[in-house]
Amino acid sequence: MRTSQFPLNTVKETPADAEIISHQLMIRAGLVRKLASGLYNWLPLGVRVLQKVQAIVREEMNSAGALEVLMPVVQPAELWEESGRWEQYGPELARLTDRHGREFCLGPTHEEIITELARNEIKSYKQLPISYYQIQTKFRDEIRPRFGIMRSREFLMKDAYSFHMDDESLQQTYDRMFQAYNNIFSRLGLDFRPVLADTGSIGGNASHEFHVLAESGEDAIAFSSESQYAANVEKADALPPTQPRAEATLSLQKVSTVGQRSIEQISVFLKVDPKQCLKTLLVKGDDDNVVALLLRGDHALNEIKAEKLAGVASPLTLASDDDIQRIAGCQAGYIGPIGLDIPMIVDHSAAKMADFVCGANENDSHLTGVNWARDLADVDTTADIRQVVEGDPSPDGQGTLTIARGIEVGHIFQLGTKYSEAMKASVLNENGKNQTMTMGCYGIGITRVIAAAIEQNNDAKGIIWPAALAPFQVALLPMNMHKSERLKDVCETLYKELIEAGFEVLFDDRKVRPGFMFSDMELIGIPHRIVLGDRGLDNGMVEYRGRQDADNTDIALKDIIQHLKDTI
RNA sequence: CGGGGCGUAGCGCAGCCUGGUAGCGCACCAGUAUGGGGUACUGGUGGUCGGAGGUUCAAAUCCUCUCGCCCCGACCA
């Protein structure tokens, strides 16, 4: 490709509304342009990268035995009503009505559609197991689209769905997909980790997320220092402390804490460690009542764990100010367990506290020197309702946890029969009886992968594409070609030879200054660069430089193609 | 949804407080010089100042409404 026929659309200035580096670079390099909040146009250069990702994903899906299909973006409401998600999904599901008054939605995912397809097309156990996949646009009306392509409303996703007679077959396909995902992200050249995950709103049993490790990641991941254990912090279990509760040494006292509400304020004001403070959260129970959740002050509530507990409303909802006043007799910030006559759920760690500080259920007052068993009823049962923190023991018993940030680029689930049962997707088994199929689903955020790759691979000059993602492999840069017929001839010949040798070449035939070319090629991240000038040609030499090399290497013109073959 | 901020040329911004013929840099077009790290100079194209209504002799500027965009929060207890 020649730059005279392939405009680069690079921009020197950083766009004002781009927060993270991948967003800035994608706009500056001319990969995408914003159309509206969470909606982007992909320019020719960006499309080349998209196609690279898609090609790898297709190859690995095909070799994992999945069959490509294509399902509509616009989906009839009836199917979503069948699965129950028309009600469940909420405002993130963009709904529309056609001219006949029939209701539709823009697909945020395609479980309903594939299940409909499968129940019509698959009749016999002999056709199972089977996996379908597609690469299709999804639309999710996010509360707040942000970080450019990373969390946009419309995005490109590879989604695959598998159908089985039993869990064993599902597990086999799941394992195969797990391997395919590892292959895909390895081939893409990303630093990634598969981690145990919560199944979230899609539902189901086993689940892994694939995370690209990056500081700007929206998810926190917990890793074991000793073993292979890795999990989303939402999912990571916090083990109960093994050491016994300390003896009570202080007497119960009520202290005035005017205006001191948060744990942070209290710990500063009373000069105690947040670990010595007890946090009391009031949340809605599952039948219009209120439940207290008790945590150590330095621990954060894990909503996902909490809402799964019996007696707690799901989704987790904090009690209103009125409820707090009615039940605790004070404002939020001064609540404590003593005298509260509602069900209490105590975190494992909170149950081991002694001589602690908590709210007095009276405005502007806290209690100090509080002890279980002595000042209030001892805890009978405890639960895991907190977020794990750095240094916690690993749930598998080996080593301690480290927390890192990741960008979720893939997610695989064992769905079980959630959709197939609701939508009556069954086949005849060996005995001629109807049997509900069991399902798996497997997603990769194609567009997000690109943002994640940039997030992980960039420098002050621009993008540093992993080899598999680069829109072009080689940049061919002539110095002042308009002044030398010889240079022009050599470049034209080399350009043709490189293409014949199978390289994807971007030949910068614009009449621009050298510095301008260099900056553009570095910004758009072309991995290999060949510079030709009259000076070098006098000696039959050209210059080679890898995107991350500090210096040029002089290579004989006649050897350059071989050199590239050896390098790439 | 709550809080904050911003809409002026393709991009980045000034002008608004104190109303009086709409500016700067980059980009783009033409020319001259230059020619190995976003070169310099000259000339030029391009804006109903987000939209609607109002106040006024006069509105980018003041007032009201509205639309859009960005950031933070949605875990004080």
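Not measured: the values here are computed from a predicted model. Naming: A, B, ... by sequence-line order, numbering from 1 per chain.
Put simply, CG on A/L43 is 17 Å from P on B/rG10, counting in whole angstrom units. The nearest whole Å value for the distance from the CG atom in A/L282 to the P atom in B/rA77 is 12 Å. The CD-P distance, from A/E264 to B/rA77, rounds to 10 Å in whole Å. In this entry the distance linking CD of A/Q325 with P of B/rA77 reads 18 Å, nearest Å. As a whole-Å value, the separation of A/I27 CD1 from B/rC69 P is 14 Å. Counting to the nearest Å, the P atom of B/rG36 and the CZ atom of A/R545 are 16 Å from each other. Taking atom CG of A/N480 as the reference point, atom C1' of B/rG35 lies 5 Å away to the nearest angstrom. Atom pair A/R151:CZ and B/rC72:P shows a separation of 13 Å (rounding to whole Å applied).
Taking the P atom of each, B/rU48 and B/rA40 are spaced 31 Å apart, rounded to whole Å. Using atom P as the reference point in both B/rG25 and B/rU66, the two lie 39 Å apart (nearest Å). For B/rU34 and B/rC16, the C1' atoms lie 43 Å apart once the distance is rounded to whole Å. Rounded to the nearest Å, the gap between the C1' atom of B/rC1 and that of B/rU55 is 35 Å. Spacing between B/rC63 and B/rC6 at atom P, rounded to whole Å, works out to 14 Å. Taking atom P on both nucleotides, B/rG20 is separated from B/rA27 by 32 Å, rounded to a whole Å. Across B/rG51 and B/rA60, the matching P atoms stand 11 Å from one another, rounded to whole Å. Using P as the reference atom, B/rC41 and B/rU56 are 49 Å apart when rounded to the nearest Å.
Ion pairing between a basic and an acidic side chain is recognised when a charged N comes within 4.0 Å of a carboxylate O; A/D508 and A/R2 show no such pairing. The pair A/R296-A/D273 fails the salt-bridge criterion, with no side-chain N (NZ, NE, NH1 or NH2) lying under 4.0 Å from an Asp/Glu carboxylate O. Remark: A/R535 does not engage A/E543 in a salt bridge, criterion side-chain N to carboxylate O under 4.0 Å.
Taking a pair to require two hydrogen-bonding distances under 3.5 Å in either a Watson-Crick or a G-U wobble arrangement, B/rA33 pairs with B/rU39. In this entry B/rG73 has B/rC1 as its Watson-Crick or G-U wobble partner, both defining distances falling under 3.5 Å. Nucleotide B/rG10 forms a pair with B/rC26, judged by Watson-Crick or G-U wobble geometry with both contacts under 3.5 Å. The pairing partner recorded for B/rC62 is B/rG54, the criterion being a Watson-Crick or G-U wobble arrangement whose two distances lie under 3.5 angstrom. Using Watson-Crick or G-U wobble geometry with both donor-acceptor distances under 3.5 Å, B/rC16 finds no partner in any strand shown. Across all strands shown, nothing is found opposite B/rG46 as a Watson-Crick or G-U wobble partner with both distances under 3.5 Å.
Within the nucleic acid shown, A/K34 comes within 4.0 Å of sugar-phosphate atoms alone, with no base atom in reach, counting heavy atoms only. If you check every strand for non-hydrogen atoms under 4.0 Å, A/H23 touches nothing.
The phosphate of B/rC71 (OP1 or OP2) has a side-chain N or O of A/R144 nearer than 4.0 angstrom. Dashed line: the shortest gap from a side-chain N or O of A/R386 to OP1 or OP2 of B/rC75 is not under 4.0 Å. One finds no side-chain N or O of A/S37 lying less than 4.0 angstrom from the OP1 or OP2 phosphate oxygen of B/rG68.
The side chain of A/R513 has B/rG35 as its nearest neighbour among B/rG35, B/rA74, B/rG37. Here the side chain of A/D17 is nearest to one of B/rG38, B/rC70, B/rG36, namely B/rC70. Side-chain proximity of A/R261 to the nucleotides B/rA77, B/rC76, B/rG36 is greatest for B/rC76.
No option in A/V49, A/L31, A/I463, A/V47 other than A/V49 meets the side-chain contact (heavy atoms from CB on, under 4.5 Å) test with A/P471.
Within 6.0 Å of CD in A/Q5 there are more than 12 heavy atoms belonging to other residues, nucleotides or ligands. For CD of A/E92, the number of neighbouring non-hydrogen atoms (other residues, nucleotides, ligands) closer than 6.0 Å is greater than 12.
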Step by step, work out the side-chain contact (heavy atoms from CB on, under 4.5 Å) result for A/L270 and A/T368.
CA-CA 9 Å; A/L270 296 177; A/T368 63; 4.1 Å; yes
